[in-house]
Peer 1: 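Submitted below is the structure of interest, expressed as structure tokens.
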Amino acid sequence: MIVTVTLNAAIDKTYHLPALAAGQVSRVDRVYAEPGGKGINVARVVALQGVPVLATGFAGGSNGDFIERGLTRQGIAHDFVKIEGESRICLNIMDQDGVSTELLEPGPTIAGQEMEAMREKLAQLAARAKVVAFSGSLPAGVPKSFYAELIGIAQKQGAVVFLDTSGEALIRGAEAKPYFIKPNEDEVAQWLGHSIEDENALKQGLLRLNETGLPCISVSMGAQGSLTAFHGACYRVRAPKVDAVNAVGSGDAYVAGMAVGTAQGLPVEECLRLATASGTANTLTARAGYVEPEDVKRLLDEVVVERIG
Ligand SMILES: Nc1ncnc2c1ncn2[C@@H]1O[C@H](COP(=O)(O)OP(=O)(O)O)[C@@H](O)[C@H]1O
Ligand SMILES: O=P(O)(O)OC[C@H]1O[C@](O)(COP(=O)(O)O)[C@@H](O)[C@@H]1O
């Protein structure tokens, strides 16, 4: 089983409208509202590929109820820590030219006893999991070291750990040496303490991070695919060319593909192929963090994985 952890769960709302004009009234043509936040998107894309998954994290208020009911309706097992605060809404406004504007609420404040409940729940769930994937921002009240703490709990239960977050939560979380991380290029530069001029510099940087005890690091680059350092080997992956409809959640779909491949014990090249096909398939639907399984299957053959060092 794969367990996904979303500490800052959300209702992901997507508004499709002709144009977004600041300071004016805009009418929305189509609205999608889904259980979301990065880890929940990962769970949905894993489930859509027919692999057992369970979503956990913090959920509260009427938005939390919506998230849990939505997951149940979508057939995704879940077991959240109930919190006093209200889970957030994240808004993606898509105009007719495909330009996306995201508004992400900060989320609720988490109390000390709610964090304690999360530690206990995770220990139980991780004992049944092959892969535990932590994704997304930290809600208020949670210390920046919380991911490192939770990663330690999951590793102690024998799970392979993924971490997809940003900023200080990533830097501090990475101290616990998760198996897989997905920083962006700026974060890699910040880590290394120098700017990254070109792809070769990025490759060298990722390989150096490998040496610090981080075995698998992917930097994804939208339509350009991704670069991954894996135990001292480097892979350049080209994504299939498609007419993208909505790329929000593609990073999460990529993580889902990596998690599925890893849980199934596939070689890293095949994990990267599945991750990329899942990320690209996510761009083909109007919904965030959603793939058609036939799209993933069809795109697999169009992904090019090349070892470059
Ligand atoms: N426009 C696109 N065309 C084809 N594939 C895409 C496109 N956007 C994203 N992808 C796929 O999804 C993966 C993750 O997307 P990316 O936008 O880099 O993630 P994030 O959402 O974390 O920024 C990419 O590596 C690629 O496989
Ligand atoms: O937890 P964060 O970092 O605030 O991000 C939350 C948002 O990220 C998203 O998952 C999209 O992320 P990606 O496009 O990077 O996959 C939204 O669906 C979600 O609401």
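As the structure lists them, so they are numbered: ligands from 1, and atoms in each ligand from 1.
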Peer 1: If the condition is salt bridge (charged side-chain N to carboxylate O under 4.0 Å, His left out), which residues does Glu199 pass it with, not counting sequence neighbours?
Peer 2: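 Counting only residues at least two positions away or on another chain, Glu199 forms a salt bridge (charged side-chain N to carboxylate O under 4.0 Å, His left out) with Arg236.
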Peer 1: Any chance NZ of Lys130 has more than 12 other-residue heavy atoms, nucleotides or ligands included, within less than 6.0 Å?
Peer 2: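 Atom NZ in Lys130 is not crowded, with 12 or fewer foreign heavy atoms closer than 6.0 Å.
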Peer 1: So which protein residues pack against ligand 1 under 4.0 Å, heavy atoms counted?
Peer 2: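 Near ligand 1, by chain and number: Lys182, Ser220, Met221, Gly222, Ala223, Gly225, Ala239, Pro240, Val242, Ala244, Ser250, Gly251, Tyr254, Thr276, Gly279, Thr280, Thr283.
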Peer 1: Go through Glu270 and Arg273 one step at a time and tell me if the salt bridge (charged side-chain N to carboxylate O under 4.0 Å, His left out) criterion holds.
Peer 2: CA-CA 5 Å; Glu270 295 314 306; Arg273 189 180 296 283; 3.4 Å; yes
Peer 1: Measuring from each atom of ligand 2, which residues have a heavy atom under 4.0 Å away?
Peer 2: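 The 4.0 Å shell around ligand 2 contains Asp12, Gly37, Lys38, Asn41, Arg88, Cys90, Leu104, Gly136, Ser137, Val248, Gly249, Ser250, Gly251, Asp252.
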Peer 1: Considering only heavy atoms from C-beta outward, does the side chain of Ser137 approach that of Arg88 to under 4.5 Å?
Peer 2: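 Touching, per the 4.5 Å side-chain cut-off.
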Peer 1: For the residue pair Ser278 / Gln49, report whether a side-chain donor-acceptor contact shorter than 3.5 Å exists.
Peer 2: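 Judged by distance alone, the side chains do pair up.
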Peer 1: Once the angle between the rings of Phe180 and Tyr254 is folded into 0 to 90°, is it parallel (under 30°), tilted (30 to 60°) or perpendicular (over 60°)?
Peer 2: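 Geometry flag for Tyr254 against Phe180: parallel rings.
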Peer 1: Per the salt bridge (charged side-chain N to carboxylate O under 4.0 Å, His left out) rule, which among Arg73, Arg69, Lys13, Arg44 passes with Glu34?
Peer 2: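 That would be Arg44.
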Peer 1: Using a 4.5 Å cut-off on heavy atoms from C-beta on, say whether the side chain of Pro183 contacts that of Gln190.
Peer 2: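 Not in contact.
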Peer 1: Enumerate the residue pairs fulfilling side chain to side chain donor-acceptor pair (under 3.5 Å) with a member in residues 160-187, sequence neighbours excluded, ordered by first and then second residue.
Peer 2: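 Residue pairs with at least one partner in residues 160-187: Lys182-Ser220.
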